[in-house]
Colleague: 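Okay, handing you the structure first.
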Amino acid sequence: MVHKLFENEKEITASIVTYNSADEIDILMMSIQECTSFEEITIYVIDNASHDETISLIRKKYPWARLIESKENLGFGRGHNLAIKNVQSKYHIIINPDISVPADTIAKAINYMEENPDVAVMTPFVMNEDGTQQFLPKKNPSMKYMVGGMFENRFQFCRKLREEYTLQNANISSPIDVEFCTGAFMVTQTAALHEVGGFDERYFLHFEDADLTRELRRVGRAVYNPNIRVTHKWHRENKKINKSFWTALKSMFIYMRKWSGSNA
């Protein structure tokens, strides 16, 4: 039996995981509301026990969103799975709360998926707020790329590794197959998500999107489409020796152990 929260869904569903995101999610929700395909989407907001105004903001300004309130901070993947494992849509979109979407982005993304049914997951061109490109990973993570990312501003060879990891020097003007789709904005076939079981819940934060892409590539293609765009208010904090760094390090070891020796 389908839980009441997941009844009467539309063909497109999306999940947004929040944690003290009141200062960011307002922009995202407004941009979704202004999308040309807004009436075709069911939005799930999964809140990871925020202690700011995130929940009250969603309830007050965006009553059309279906709110799932966790009593604890489940992390990124487990939070999304609360929706992913229950949705019955054709397409499911994974969105960060610090994203904003142009009015035609979702419609263009779904049209691309319709025209390419062998694509299990697609990720777009991700922009900074000033319109410049964010060079996010498109190759499978590896230890050399992790080192390159940590020290890219100190050593030239590390900067080159980061450029290689993100295909920064490639002139990409049309969709290409990639190894890694960023979890900031992923458009997926819902059936493919269900087939692989959603996110691996061993990851709290970091690497879960690389892992999911790799799982989805077992059942379909993973594509980067530069003709579809979103804006991302990006915070790269895991270079600092703080809690985020240790969380990222733990996730990296989970990922490396899981995929060691794999050619996928």
Colleague: Please check if any side-chain donor atom of His206 sits under 3.5 Å from a side-chain acceptor atom of Thr247, or the reverse.
Modeller: no

Colleague: Should the pair Lys10-Glu40 be classified as a salt bridge under the 4.0 Å nitrogen-to-oxygen rule?
Modeller: no

Colleague: Would you check if the distance from the ring center of Phe151 to the ring center of Phe157 is below 6.0 Å?
Modeller: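 They do not qualify: ring centres at least 6.0 Å apart.
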
Colleague: Could you state the interatomic distance from OG1 (Thr190) to CD (Gln88), rounded to the nearest 0.5 Å?
Modeller: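 Going from OG1 on Thr190 over to CD on Gln88, the span is 9.0 Å.
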
Colleague: Tell me the closest heavy-atom pair linking Tyr62 and Leu57, and the distance in Å.
Modeller: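 Nearest pair, atom of Tyr62 first, then Leu57: CE1-CD2, 3.6 Å.
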
Colleague: Is the Lys NZ or Arg CZ of Lys138 less than 6.0 Å from the centre of Tyr224's six-membered ring, within 45° of the axis?
Modeller: yes

Colleague: More than 12 non-hydrogen atoms from neighbouring residues, nucleotides or ligands closer than 6.0 Å to CD1 on Ile68, yes or no?
Modeller: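 More than 12 within 6.0 Å, yes.
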
Colleague: Could you check whether any side-chain heavy atom of Phe185 comes within less than 4.5 Å of a side-chain heavy atom of Val126, counting everything from C-beta outward?
Modeller: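 No, too far: nothing below the 4.5 Å cut-off.
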
Colleague: Can a donor-acceptor pair be found, under 3.5 Å and without considering hydrogens, that links the side chain of Thr188 to the backbone of Ala120?
Modeller: no

Colleague: State whether Arg202 and Glu208 are salt-bridged, where the test is any N-O pair (Lys NZ or Arg NE/NH1/NH2 against Asp/Glu carboxylate O) under 4.0 Å.
Modeller: no

Colleague: Answer yes or no: is there an ion pair linking Glu7 with Arg66, defined by an N-O contact shorter than 4.0 Å?
Modeller: no

Colleague: Between Tyr255 and Phe207, how do the two ring planes meet: parallel, tilted or perpendicular, split at 30° and 60°?
Modeller: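 Taking Phe207 first and then Tyr255, their aromatic rings sit tilted (interplane angle of 30° to 60°).
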
Colleague: Quick check: are there more than 12 heavy atoms from other residues, nucleotides or ligands sitting under 6.0 Å from CD of Glu72?
Modeller: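 Yes, the 6.0 Å shell around CD holds more than 12 heavy atoms from other groups.
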
Colleague: Does Phe135 sit in a hydrophobic cluster with other residues, and if so which ones, taking ILVMFWY side chains as linked at heavy-atom separations under 4.5 Å, directly or through other members?
Modeller: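 ILVMFWY cluster around Phe135 holds nothing else.
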
Colleague: Is Lys160 atom NZ crowded by more than 12 heavy atoms from other residues, nucleotides or ligands, each under 6.0 Å away?
Modeller: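 Open: at most 12 neighbouring heavy atoms sit under 6.0 Å from NZ of Lys160.
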
Colleague: Determine whether more than 12 heavy atoms belonging to other residues, nucleotides or ligands lie under 6.0 Å from atom CD of Glu53.
Modeller: no

Colleague: Output yes when a side-chain donor or acceptor of Thr213 lies under 3.5 Å from a complementary backbone atom of Cys181, and no otherwise.
Modeller: yes

Colleague: Do we see a donor-acceptor contact under 3.5 Å between the side chains of Asp98 and His232?
Modeller: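 Judged by distance alone, the side chains do pair up.
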
Colleague: Below 6.0 angstrom between ring centroids: does that apply to Phe204 and Phe76?
Modeller: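 No, ring centres 6.0 Å or more apart.
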
Colleague: Show the nearest heavy-atom pair for residues Cys35 and Ile106, with the distance to one decimal.
Modeller: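 Reported closest heavy-atom pair: SG-CD1, 4.0 Å.
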
Colleague: Measuring from atom OG of Ser21 to atom CG of Asp52, what distance do you get when rounded to the nearest 0.5 angstrom?
Modeller: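 One gets 7.0 Å once the value is rounded to the nearest 0.5 Å.
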
Colleague: Considering all heavy atoms of both residues, which atom of Ile228 and which atom of Ala109 are nearest to each other, and what is their separation?
Modeller: CD1-CA, 3.5 Å

Colleague: Does a donor on one side chain sit under 3.5 Å from an acceptor on the other, for Ser31 and Glu34?
Modeller: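 There is no such pair (donor and acceptor under 3.5 Å, judged by atom type) between the side chains of Ser31 and Glu34.
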
Colleague: Are any side-chain N or O atoms of Asn48 and backbone N or O atoms of Gly79, one a donor and one an acceptor, separated by less than 3.5 Å?
Modeller: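 Not a single qualifying donor-acceptor pair exists.
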
Colleague: Hey, which of Arg214, Arg257, Lys258 is the one that makes salt bridge (Lys or Arg N to Asp or Glu O under 4.0 Å) with Asp200?
Modeller: Lys258

Colleague: When hydrophobic residues are tied together by side-chain contacts of less than 4.5 Å, even through go-betweens, does Phe125 share a cluster with Ile93?
Modeller: no

